[in-house]
Every structure is written in structure tokens, then in C-alpha cells.
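Nothing here was measured: the structure is a model prediction, and the numbers come from that model. Numbers for residues simply follow the sequence, beginning at 1.
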Amino acid sequence: MRRILTSVIILAVLMTTNLHAEPDTPYAFDTCIAYDYILTDDQRLIVDLLYENLISHEYTIAFEEEVPVSDLDAAVTHILSDYPELFYIAKSYHYYFYDDDEWISEIEFTPSMSKDEADYYTVQLLALANEVADAIPDSLSDYSRELALHDILADYVTYSDDNELDYTPLGALLYGRAACEGYAEAFALLLRSAGIPCSTISGTGYTRDGSESHEWNIVEIDGIHTLVDVTWNDRDDAVSHLYFNVTDELMSRDHKPSPEYRNMPEADSMKFNYHKINGIIFSSSSDIEDIVWTMFDYCFGTGEGIEVRFSDMKAYSLFLSGFDDAAQNYANEYGDISYCTSQDDMQYSFFLSTSTEN
């Protein structure tokens, strides 16, 4: 995030705005997880003030009393990442202060589009989010509704970072293209529209090619907090669930949240993990040939790929060491087979799909 500090003397009379208890969001505010966990009471008051003005397209906001720059930084970071409906606010902003640059009297945001454009897109965005959420039956469990919304989003969106809108929920939901910010904010909006608590988490993602800024989600299902990365679950050839309702331990293997998220609720349960619920987490005591044959039977029977997870490195290594022999035994039984595989050495997972290619 780029921050510009401007040292000027403000001569105008400071605008005063009444602070209210919490932002008046277009979804139930108790679905915003981060607000209660990462902000102090003073920072929440700043968020309340900023949101009230920004949602009304008031971009220059003054404070009745100067606020510490550290509190304002925390509030602004939260505002710009966890409220998808503020998609029209650019990530850069200006501070104004008197004599002490640690105390801020006024902040100025920059809109990325005109008010008319923002209002037009807001109507479309919220209507579509509600339409998609409402299409999932309320009779389903929160887990099943979360899974359905995840799969819809991952299947519909193609990764892209070529356009400014790709970094917003507009790009994801209205145009089917998004970078990680677009995926995460769209997922938060869909879940909140369905009444399921969700927030975004910013940090760093690590791959074989290096590291980069990244964004994912924390979700609350039946009082249990869990983590989801829709971006990395969007494979070119299938919707993955490798990062669907995982724990802090699993996510931390290749994700590192920014320091401001250190007080987020702990995600330490596998109760709603996709692989656990579907019985496709294997240990070192599992029979390798049984796993491989089950995977091939599933792929040929459904025409879909299958992804399995292993409980630890030992189980994962044993499976890899025996996969080729088990696959050959399957071919000996059923004839020539064509298949594609991929593996994730950080998450101890293995993906298999059958192929019609010669």
C-alpha cells in the first residue's frame, strides 16, 4: 500500500461527524470477523467514521480530535481490504497533520471512478451477490452452502491481474476475472450475503517460484474458524479444495499473514475440512495400491479429477514411492491408461486426472 504524507497547515474548520457503534453495511455486520479481533476500541471508532463517509462518497475526512497515525494506519488497512462494497476506493491516500506527524487531523482518499459509476456498479454487485447466495437452499448446512459458493466462484473466475478491476470483487463477480484480492473479497461478499461470517486476510504466499503479496479468507462455520484460499483452489483444469477449510498449521506451510492479523481467532479444527469430510486424508498405514485404484476408479467413473491429502510427510513419501507400481498394476488389469498428475510437496497432496490424450 502506498502512503503519501503531506505536511501542511489545515486552515479550514474541521468537519465533525457523529460516530456510531458499527458500520451500516449491506449485509449483517456480525458477519465481519476481523472488526472484533484485529482492531482496538479506538481503531473501531475510526473505522466507523471512515466507513460512514466513504460509503456516502465523502473522501476528505477530518477528525474532531487528532488521531495517532498507528491507529489510523490500522483502520485504513482494515477499511481497504475487508469491505468489498468499497471497491471504488483507490489504495493510496493522503494524511494531513499540524506540527506532529504522529497525530493526524485529516485524511483524503482517492476514488477510482466517478460517483455515478460507483453507484451503478454497487447496485449490480450487491444484486448479483444476493442472487447467487439466495440460489443456494437455506435448508443446506452452512458448510454445504460455503462449499457451493466456493465452487461457483472458483469455477466462474479466471485468474487475471491485467486490469484495475481484477483487484476488486467487480472483476470477479461481474466479469469473471480476478487477482487474489478480487477472489477473496468476492468470496467474503458472497458468504456474508448468505449470512456466513467471513473476512479477508492479507499476507504473503510462497510457491516454488518465490513469494508474492497474497490474500485469502477466514470463515466461521458453526462457531469454528477455518481458512480458505479460493485463488489457489482455482486450478486450470479443475476446482481444487486443497485450501478449503484448513487450519493455521496447514495454511502456514505456504502462507504468512501480515502482522496486523496476529490476533485473528485461531483456526485449529479440521472438522469442516473438505478432505477430512470426504475421507480422502491418508496416513502411512493406508494401503498404497488401494488408494491408487480408488483414485483411478473415481476418475474413470466420474470423468473428474481427484485430489487426496496425506497426514504427514512420511505418508506422502510412501505414497509417492509406490504410485508408479500401483498405476502399472491398474493398467495391467484394465488395459492402457492415460492420466495426468500433480503434487504439492508443501501440502502433502496429490492430484490425479485421467486423460484421453495418446
Side-chain angles (χ1 to χ4, degrees), residues 143-144 147 150-151 154-155 159 205-211 214 216 226-256 267-358:
Y143 166 83
S144 296
L147 177 61
H150 168 276
D151 288 0
D155 183 59
Y159 185 87
Y206 298 87
T207 68
R208 291 188 182 93
D209 298 325
S211 62
H214 194 49
W216 58 98
T226 188
L227 303 175
V228 180
D229 187 340
V230 188
T231 309
W232 283 13
N233 280 343
D234 185 3
R235 299 171 59 102
D236 292 336
D237 51 356
V239 174
S240 168
H241 299 91
L242 187 58
Y243 299 94
F244 186 82
N245 290 355
V246 299
T247 61
D248 290 325
E249 189 279 322
L250 290 177
M251 191 68 89
S252 68
R253 294 176 184 175
D254 43 25
H255 292 65
K256 182 179 180 181
D268 60 358
S269 173
M270 290 286 279
K271 180 177 180 179
F272 296 110
N273 175 261
Y274 177 88
H275 292 88
K276 180 176 177 61
I277 285 178
N278 287 280
I280 46 178
I281 299 180
F282 299 103
S283 68
S284 55
S285 63
S286 303
D287 184 272
I288 296 172
E289 186 143 331
D290 282 349
I291 299 173
V292 174
W293 282 50
T294 297
M295 292 175 72
F296 274 111
D297 284 346
Y298 177 88
C299 292
F300 282 115
T302 66
E304 300 175 353
I306 185 172
E307 179 183 64
V308 298
R309 182 188 285 278
F310 296 89
S311 59
D312 51 42
M313 177 57 82
K314 178 182 178 182
Y316 177 64
S317 298
L318 286 172
F319 173 82
L320 293 182
S321 67
F323 174 82
D324 288 338
D325 287 342
Q328 184 59 58
N329 290 339
Y330 191 92
N332 292 340
E333 178 73 21
Y334 292 102
D336 291 341
I337 57 174
S338 297
Y339 59 89
C340 301
T341 66
S342 65
Q343 60 194 63
D344 188 320
D345 296 339
M346 290 185 178
Q347 292 293 331
Y348 312 150
S349 74
F350 190 90
F351 178 82
L352 172 72
S353 63
T354 54
S355 173
T356 59
E357 296 177 1
N358 295 325

Heavy-atom side-chain contact between F350 and F310 under 4.5 Å: yes

All ring pair (Phe, Tyr, Trp, His ring centres under 6.0 Å) counterparts of H255, not counting sequence neighbours: H214, W216, W232, Y243

Side-chain touch D248/L227, heavy atoms, less than 4.5 angstrom: yes

Pairs meeting criterion side chain to side chain donor-acceptor pair (under 3.5 Å) with involvement of residues 326-337, two or more places apart: E289-N329, D297-Y330, Q328-N332

side-chain contact (heavy atoms from CB on, under 4.5 Å) against S240, all qualifying residues, sequence neighbours excluded: N233, R235, L242, E307

Within residues 340-355 or reaching into it, pairs that qualify as salt bridge (charged side-chain N to carboxylate O under 4.0 Å, His left out) - sequence neighbours excluded: R208-D345

Side-chain touch H241/V239, heavy atoms, less than 4.5 angstrom: yes

Contact check, side chains of T294 and V308, non-hydrogen atoms, under 4.5 Å: no

Minimum heavy-atom distance I291-S286, with the two atoms named: CD1-CB, 3.8 Å

S211 side chain vs G205 backbone, donor-acceptor pair below 3.5 Å: no

With N245 via side chain to side chain donor-acceptor pair (under 3.5 Å) - residues at least two apart: E146

Test item: M270 and L250 side chains (from C-beta on) under 4.5 Å apart, heavy atoms: yes

Side chain to side chain donor-acceptor pair (under 3.5 Å) against D234, all qualifying residues, sequence neighbours excluded: Y183

Test side-chain contact (heavy atoms from CB on, under 4.5 Å) applied to K314 - qualifying residues, sequence neighbours left out: S284, D312, L318

Minimum heavy-atom distance between T247 and S269, given as atom pair plus value: CG2-O, 3.6 Å

Closest heavy-atom pair and its distance - S353, G305: CB-CA, 3.9 Å

Pairing residues for T341 by the side chain to side chain donor-acceptor pair (under 3.5 Å) criterion, not counting sequence neighbours: none

Partners meeting ring pair (Phe, Tyr, Trp, His ring centres under 6.0 Å) with F351 (sequence neighbours left out): none

Interatomic spacing from CD1 in I306 to CG in L352 - rounded to 0.5 Å: 8.0 Å

F282 CZ to Y316 OH distance, which is reported to the nearest 0.5 Å: 14.5 Å

Gap separating the CD atom of Q343 from the OG atom of S349, nearest 0.5 angstrom: 8.5 Å

Reported CE-to-CD distance for the pair M251 and Q347, which is rounded to 0.5 angstrom: 8.0 Å

With sequence neighbours excluded, residues passing side-chain contact (heavy atoms from CB on, under 4.5 Å) with D290: D287

Approximate separation, where rounding is to 0.5 Å, of D155 CG and H150 NE2: 11.0 Å

Any side-chain heavy-atom pair of I337 and F300 under 4.5 Å: yes

Derivation and outcome, side-chain contact (heavy atoms from CB on, under 4.5 Å), residues F319 and V292: CA-CA 9 Å; F319 173 82; V292 174; 3.7 Å; yes

Aromatic ring pairing F296/F323, orientation class (parallel under 30°, perpendicular over 60°, tilted between): parallel

Partners passing side-chain contact (heavy atoms from CB on, under 4.5 Å) against N278 (at least two apart in sequence or in another chain): Y143, Y274, I280

S311 to S283 - nearest heavy-atom pair and separation: OG-CA, 3.4 Å

Distance, nearest 0.5 Å, that separates CZ of R309 from OH of Y348: 10.5 Å

Which residues share a side chain to side chain donor-acceptor pair (under 3.5 Å) with Y339, sequence neighbours left out: none

